[in-house]
Colleague: 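If you scroll down you'll find the structure; I have some questions about it.
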Amino acid sequence: MDKKEIVKILEEIGRLLEIKGENPFKARAYYNAARRIEVLQEDLTRLVEEGRLKELKGVGDALAQKIETLVKTGRLPYYEELKASVPQGLLEMLKIPGMGPKKVKTVYEKLEITTIGELEYACHENRLRDLPGFGLKTQQKILKGIELRKKYTERFHLPVALEEAAKIKRYMEAHPAAQKIEIAGSLRRRKETIKDIDLLIACRQQDREALVKHFVSYSEVDAITNQGHTKASVVLKSGLACDLRLVEEGQFPFALQYFTGSAAHNTALRHRARVQKLTLNEYGLFPENAEQSIPCASESDVYRHLGLAFIPPELREDFGEIEAAEKGALPQLIEKKDLKGLFHVHTTYSDGASSIEEMARRAMELGFDYIGICDHSKAAYYANGLSEERIKMQHQEIERLNEMLDPFVILKGIEVDILPDGTLDYSDDVLETFDFVIASVHSSFNLEEEAMTERICRALRHPLVNMLGHPTGRLLLGREPYAVNMDKVLEVAARFNKVIEINANPYRLDLDWRQGIKAAKMGIKVAVNPDAHSLDGLNDFEYGLAIARKSWFTASEVLNSYSVEKLKSFFKAQQNAM
DNA sequence: GCCGTTTTCGGCCCGACTGTTTTCAGTCG
């Protein structure tokens with residue numbers, strides 16, 4: 001059983017224990033262990049084999065044994081018995097706002113309600129109203145929650161959230177009482193999908209009411225879900241939720257740190273503060289028994305007082321960034337100014353909307369020195385993939401354009417299909433005519449993991465392949481990644497000096513940043529590739545850049561930071577090394 | 001269920017908001 005499934009089971013055990021009313025700290029122990037496993041860099045199976053599970057903080061005798069059983073047998077009798085003793089619908093119920101473990105337990109025990117449908121019906125029948133700890137308001141809130149859940153279950157792609165956030169930020173900035181304003185939360189950390197926007201504002205105490213009122217009066221607000229003196233929550237018409245928090249100006253750096261998260265990062269940070277006899281919260285950093293916070297003018301100050309270097313928001317996922325900050329070993333993350341060019345650009349030769357020249361000129365306007373044109377290969381007939389004949393035409397056109405646009409350079413690339421058996425869609429003598437080759441999977445997504453892994457690894461071992469395109473084929477919120485053992489793919493990439501694409505299309509963001517962190521540690525090079533099919537698509541590189549940063553990459557490991565000369569010799573060296 | 005240069009027992013991160021209460025429990029982030 002793999003890591004992801006084990007994490008899910010440990011979390012579910014935690015929730016089941018809570019619903020059953022067991023010791024809440026016992027439940028928390030399962031959550032903690034789940035988180036520890038989730039961020040584990042090492043191979044879990046190996047850890048089990050070497051009997052080193054208990055080295056993990058938060059994993060003792062009992063949990064080590066349970067995890068070992070799961071890894072070895074794929075089953076856990078304790079979990080199965082627990083699960084069987086609690087109706088499945090109760091876990092679903094926890095997802096309704098206002099329904100926590102205690103309330104779920106109450107409706108189950110008093111009303112024998114086991115599904116969300118039954119819960120909704122009971123609300124309509126006024127049967128929740130008289131339960132202990134419930135009332136009319138609670139019943140209404142739960143009913144509203146069920147309705148909202150039906151309407152807005154999804155998460156949102158990064159561009160949607162960024163645009164909504166920018167709009168509401170501008171709207172709030174227009175209010176004279178707003179002294180400082182920042183987007184915090186997962187958006188600031190550039191997670192690949194977003195559930196809600198966290199908006200943080202510094203203001204004087206006497207202006208709070210006016211700002212909350214201004215916030216809930218925003219024209220895009222569809223529903224107000226929470227409204228107090230220092231915070232308010234709304235659902236926007238787009239379906240995206242937005243939380244507002246108000247703090248005083250002096251508290252702003254602490255609040256920004258706190259509300260940027262992640263929860264796991266903050267928990268670790270607060271624990272660190274405790275060890276230093278300090279208390280960290282959204283209002284300050286307090287020495288023991290002190291009323292006054294240690295003053296900090298910025299987030300950097302907060303981290304500095306905890307003995308840490310400033311940790312860029314993208315890294316705050318409790319993936320080792322705190323330890324690295326302590327040792328001064330944080331990477332110098334790649335920045336926009338480091339990017340000299342873009343790869344993986346489609347044109348009207350296959351399924352793109354713009355010509356080579358149009359794409360090149362837009363790239364020049366964006367300040368780049370080169371682009372790599374990569375249309376589809378012939379197997380991608382649905383995408384008008386290039387025949388050998390049309391490749392020649394395209395190359396002639398690129399040569400003409402290169403003379404015209406000099407010193408800007410258009411590189412002759414291709415996105416060649418990896419066929420189901422791992423061979424490529426062109427013969428070697430055709431592949432040799434390109435400056436570089438990206439190999440991608442576009443068909444037969446349903447192979448078994450072993451076959452898919454070998455298919456991709458075989459393509460990567462091909463001497464003429466320079467990069468692997470969208471390594472897992474996932475579509476965020478749309479299609480699961482295909483079954484592939486990425487650890488093996490990364491191993492092969494490292495051994496043969498192959499580049500892995502960070503596909504910057506916001507529906508893909510593939511390589512996933514969690515794998516990206518591994519890749520960076522292994523010294524693997526990546527390329528931020530917009531996979532652009534239109535002029536605007538070129539701008540998607542920003543999302544890929546965010547993921548490269550989130551994956552701990554410095555400029556020297558990101559191919560886009562290379563000059564044209566350095567690139568050409570790198571591509572040649574890749575081929576000669578085989 | 002985990003953990004310990006205060007502890008092998010008694011703690012476990014912290015605070016706002018809501019609704020149900022009449023001082024607080026539950027939920028949420």
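Computed over heavy atoms, backbone and side chain alike; hydrogens, waters and symmetry mates excluded.
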Colleague: Only counting residues at least two apart or in another chain, list the ones meeting side-chain contact (heavy atoms from CB on, under 4.5 Å) with A:Glu449.
Modeller: A:Thr453, A:Ala483, A:Asn485

Colleague: Please determine whether a side-chain nitrogen of the Lys or Arg among A:Lys518 and A:Asp487 lies less than 4.0 Å from a carboxylate oxygen of the Asp or Glu.
Modeller: yes

Colleague: Check the distance between B:dC13's P and A:His271's NE2 and give it to me in whole angstrom.
Modeller: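 These atoms are roughly 8 Å apart.
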
Colleague: Please identify each residue that fulfils side-chain contact (heavy atoms from CB on, under 4.5 Å) with A:Thr115, with sequence neighbours left out.
Modeller: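 With neighbours one apart ignored, the set is A:Glu118.
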
Colleague: Is the base of B:dT21 syn or anti, where syn means the angle lies within 90° of 0?
Modeller: anti

Colleague: Write down the distance separating the P atoms in B:dG11 and B:dG19, rounded off to the nearest Å.
Modeller: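 About 33 Å, rounded to a whole number of Å.
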
Colleague: Pick the C1' atom in B:dT18 and in B:dT22, then give their distance to the nearest Å.
Modeller: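 After rounding to an integer number of Å, I get 16 Å for this pair.
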
Colleague: Starting at CD of A:Glu68 and ending at P of B:dG1, how long is that distance when rounded to a whole Å?
Modeller: 16 Å

Colleague: Distance between the C1' atoms of B:dT8 and B:dG4, in whole angstroms?
Modeller: 9 Å

Colleague: Using the C1' atom as the reference point in each nucleotide, state the distance between B:dT21 and B:dG26 in Å, no decimals.
Modeller: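 Here B:dT21 and B:dG26 have their C1' atoms 12 Å from each other.
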
Colleague: Separation of A:Tyr31 atom OH from B:dC2 atom P, in whole Å?
Modeller: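 Between P of B:dC2 and OH of A:Tyr31: 16 Å.
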
Colleague: Give the rounded distance in Å between these two atoms: OH of A:Tyr30 and C1' of B:dC2.
Modeller: 11 Å

Colleague: Can you list the residues that meet the side-chain hydrogen bond (donor to acceptor under 3.5 Å, both in side chains) rule with A:Ser186, with sequence neighbours excluded?
Modeller: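 Counting only residues at least two positions away or on another chain, A:Ser186 forms no side-chain hydrogen bond (donor to acceptor under 3.5 Å, both in side chains).
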
Colleague: According to side-chain contact (heavy atoms from CB on, under 4.5 Å), who are the partners of A:Lys144, at least two apart in sequence or on a separate chain?
Modeller: A:Leu148

Colleague: Could you please name the partner base of B:dT8, counting Watson-Crick and G-U wobble pairs only when both distances are under 3.5 Å?
Modeller: none

Colleague: When rounded to the nearest Å, what value does the distance between P atoms of B:dT7 and B:dC17 take?
Modeller: 39 Å

Colleague: Can A:Asp531 and A:Asn503 be counted as having a side-chain donor-acceptor contact under 3.5 angstrom?
Modeller: yes

Colleague: Return the minimal non-hydrogen interatomic distance between A:Leu308 and A:Ile322, and the atom names on each side.
Modeller: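 It is CD2-O, 3.6 Å.
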
Colleague: How far does the C1' atom of B:dC3 sit from the matching atom of B:dA16, given to the nearest Å?
Modeller: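 Each nucleotide's C1' atom is 30 Å from the other's.
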
Colleague: If a pair satisfies ring-ring contact (aromatic ring centres under 6.0 Å, His included) and one of its residues is in residues 79-102 of chain A, list it, with sequence neighbours excluded.
Modeller: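 For residues 79-102 of chain A: none.
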
Colleague: When the C1' atoms of B:dT20 and B:dC24 are compared, how many Å lie between them, rounded to an integer?
Modeller: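 After rounding to an integer number of Å, I get 9 Å for this pair.
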
Colleague: Over how many whole Å does the gap from A:Leu256 atom CG to B:dG29 atom P extend?
Modeller: 19 Å

Colleague: Would you kindly give the CG-to-C1' distance between A:Asp61 and B:dG1, to the nearest whole Å?
Modeller: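 In whole Å, B:dG1 C1' and A:Asp61 CG are 10 Å from each other.
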
Colleague: Side-chain atoms of residues 539-548 of chain A: list all donor-acceptor pairs with protein atoms under 3.5 Å, sequence neighbours left out, distances to 0.1 Å.
Modeller:
from: A:Asn539; atom 1: ND2; to: A:Asp536; atom 2: O; distance (Å): 3.4
from: A:Glu542; atom 1: OE2; to: A:Lys336; atom 2: NZ; distance (Å): 2.8

Colleague: Go through the structure and list residues passing side-chain hydrogen bond (donor to acceptor under 3.5 Å, both in side chains) with A:Glu42, not counting sequence neighbours.
Modeller: A:Arg52

Colleague: Which residues satisfy the salt bridge (Lys or Arg N to Asp or Glu O under 4.0 Å) test with A:Lys72, sequence neighbours excluded?
Modeller: A:Glu68

Colleague: A:Arg15 CZ to B:dT27 C1': how many Å, rounded?
Modeller: 15 Å

Colleague: Near DNA chain B, under 4.0 Å by heavy atom, which residues of residues 92-108 of chain A?
Modeller: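 A:Ile96, A:Pro97, A:Gly98, A:Met99, A:Gly100, A:Pro101, A:Lys102, A:Lys103 - these, ordered by number, are the residues of the stretch whose heavy atoms sit under 4.0 Å from the strand.
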
Colleague: Looking at A:Phe156, is A:Lys195 sitting on its ring face, NZ or CZ under 6.0 Å from the six-membered ring centre and within 45 degrees of the normal?
Modeller: no

Colleague: Write out a two-atom table: protein N or O, nucleotide N or O from nucleotides 6-11 of chain B, distance below 3.5 Å.
Modeller:
none

Colleague: Could you work out the separation of B:dG15 and B:dG1 based on their C1' atoms and round it to a whole Å?
Modeller: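 These two C1' atoms come out 26 Å apart once rounded.
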
Colleague: Reading nucleotides 14-22 of chain B from the 5' end, what letters show protein touch, with B for base, S for backbone sugar-phosphate only, - for no heavy atom under 4.0 Å?
Modeller: BSSSSSS--

Colleague: Output every pair passing side chain to side chain donor-acceptor pair (under 3.5 Å) with a member in residues 246-259 of chain A, not counting sequence neighbours, ordered by first then second residue.
Modeller: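 Sorted result for residues 246-259 of chain A: A:Gln257-A:Asn266, A:Gln257-A:Tyr303.
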
Colleague: What integer distance in Å separates A:Phe254:CZ from B:dG29:P?
Modeller: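 After rounding, the gap between these two atoms is 25 Å.
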
